[in-house]
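Structure, as structure tokens:
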2 protein chains.
Amino acid sequence: MLTIGQLARYVGVSTKTVRVYHAKGLLPEPERDSSGYRRYAADAVVELVRIRMLADAGVPLARIRELGSTPEELALAVQQIDTDLTARIKSLRDTQRRLRKLAAGEISILPSNVEDHLAGLPALGFTDRWIAMERDLWIIVYATHPELADTLFQDQAQSLTDPELRNLYLAADHAHALDPDDPFLVELADRIVAASIQRYGTEPPGSDADPAIPDLLQNTLNASSPGWQRLDSLIRGRMADVGFTLRTSPGGRRAE
Amino acid sequence: MLTIGQLARYVGVSTKTVRVYHAKGLLPEPERDSSGYRRYAADAVVELVRIRMLADAGVPLARIRELGSTPEELALAVQQIDTDLTARIKSLRDTQRRLRKLAAGEISILPSNVEDHLAGLPALGFTDRWIAMERDLWIIVYATHPELADTLFQDQAQSLTDPELRNLYLAADHAHALDPDDPFLVELADRIVAASIQRYGTEPPGSDADPAIPDLLQNTLNASSPGWQRLDSLIRGRMADVGFTLRTSPGGRRAE
DNA sequence: TCTTGACCTTGCCCCTAGGGCAATGTCACA
DNA sequence: TGTGACATTGCCCTAGGGGCAAGGTCAAGA
């Protein structure tokens, strides 16, 4: 008769695996010889091969144990394991495809229309710094307000088709390098506030939903350059003057 | 900024998963706000997506952590993960194929030539009981003595092509149903011993390698019917009389 | 006969990638 | 001022074994 090692070697598993199957009740404990060694008959080989086949297919051991009952039940279970296996193969292939896109740098975190929009910005004259900032902004917006983000994005994308607004955005982009005392910043702030009021009245889209978004933008901008910080400060001052709804989030917590 | 829940939802994982990635050093711990909540910036989303992609591909988290160093190294690693993924897909498909064979009852534990040999036995007049016994015997032989088994099997298969020997085996098969006192058993034992000596001299193949195999056969036979037990006993007696090498394993331990 | 190396036994702790719970603190809304 | 959804840390649990310890056994060679 077979020792545990011979059984395990023949089927291609470790002795530990066989013992685990005994402990889990998958494989019946065989007789012991006079020194306490397990002694297996040939049917244990057949049974162990069956178990390994199912385990290799990813069936949990607990389910394999319950499986052996009736032949119809077993056939049904095998059917189900088969479709499950097909699904897993498909999922692996999908993963492989996405991994290759990742390696090629074509990974898209944002919806593809947003990625397309960002990809078009360099041609309009925006700096990489600005684009990176905007990209981060949209990631945050889509993560925090998935139901609003599309609307906000459509508005933003559409506003770039207006040459005047586009020039304001471009000017803001390039204000990054300006000295905080540059008088151009005052003029730019005035023009931005005027354009905003013309476009939205005193109630900008999204402002009724969550005050965190403007805060967020502000923080991102301010951290980046003194010129931007000054520009933001000017805009906020002008907005408040004309009663523009620019609530600061309570305690400023959301923007910390 | 994002809370852990927003980050997790956006990427499609649980908050626990994100915390685990922090604990394992995969994702840097972000700043905390005044109440101790984690606050994430947009780059955490990008990083988390990258980690999930690799994790989905089956890369262990410990390896993902070591991965980020140089771009060439990463490209090489991704290359390797890709081939690994291909191998896993192939292995799953093999498993699926074997599972279908299992479901169809076409599973082969033994080498295919042995299975073919067994499949041919019914046509020669052997009973299912004999074939099942022989199958078990070959499983044990291949498991215990993989290097000898092929030689022994070739000899056995070849001996069946001799009509006289084949008739002896058939007679032994059908002796299962005989009464232990049937005089035919004595005659059959004589003929088997004579044929064995004619074929092998007094040194049967495999006897010099391990005495367990004859013991094994004996035990299997004896457990099955009184007729067989008697036949075996007669054969052993005759063999010993003529000096045939039929060692019993020391203490009989291997056959327990 | 004694030693040596390869087996076997049980029991214990370890791993991965998280899940789930508890106890507690916070946030936002009504 | 509640209330439900969210956050925090810490702890134990899972599957499918791996690995080690401390001991018992077996076969072969000196």
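Reminder, nothing fancy here: chain letters follow the sequence lines and each chain counts from 1. The analysis underlying the following values was restricted to heavy atoms, covering all of them including side chains, and did not include hydrogens, waters or symmetry mates.
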Integer-rounded Å distance: [N] [atom2] and [X] [atom1]:
X	N	atom1	atom2	value
Tyr37(B)	dA5(D)	OH	P	14 Å
Leu48(A)	dG16(D)	CG	C1'	14 Å
Arg19(A)	dC8(C)	CZ	C1'	7 Å
Leu2(A)	dC7(C)	CG	C1'	15 Å
Arg39(A)	dC26(D)	CZ	P	9 Å
Asp33(B)	dG25(C)	CG	P	16 Å

Ignoring backbone atoms, test whether [X] places a side-chain nitrogen or oxygen under 4.0 Å from the OP1 or OP2 oxygen of [N].
X	N	answer
Arg38(A)	dT9(C)	yes
Ser35(A)	dG24(D)	no
Arg32(B)	dT9(D)	yes

(request) Assess the pair His145(B) and Tyr10(A): is the distance between their ring centroids shorter than 6.0 Å? (result) no
(message) Check this for me, if you would: do Lys90(B) and Asp94(B) make a salt bridge, where the nitrogen-to-carboxylate-oxygen distance has to be below 4.0 angstrom?
(response) yes
(message) Looking at Arg100(A) and Glu106(A), is there a salt bridge between them, counting it only when a charged N and a carboxylate O are closer than 4.0 Å?
(response) no
(request) Treat primed atoms plus P, OP1 and OP2 as sugar-phosphate and everything else as base, then score nucleotides 11-22 of chain C 5' to 3': B for base contact with protein heavy atoms under 4.0 Å, S for sugar-phosphate contact only, - for none. (result) -B----SBBB--
(request) Check step by step if side-chain contact (heavy atoms from CB on, under 4.5 Å) holds for Glu31(A) and Met1(A). (result) CA-CA 10 Å; Glu31(A) 302 286 295; Met1(A) 313 292 283; over 6 Å; no
(request) Enter the distance from Arg93(B):CZ to Thr86(A):OG1 here, rounded to the nearest 0.5 Å. (result) 10.5 Å
(request) Using the six-membered ring wherever Trp is involved, compare the ring planes of His22(A) and Tyr40(A) and label them parallel, tilted or perpendicular (cut-offs 30° and 60°). (result) parallel
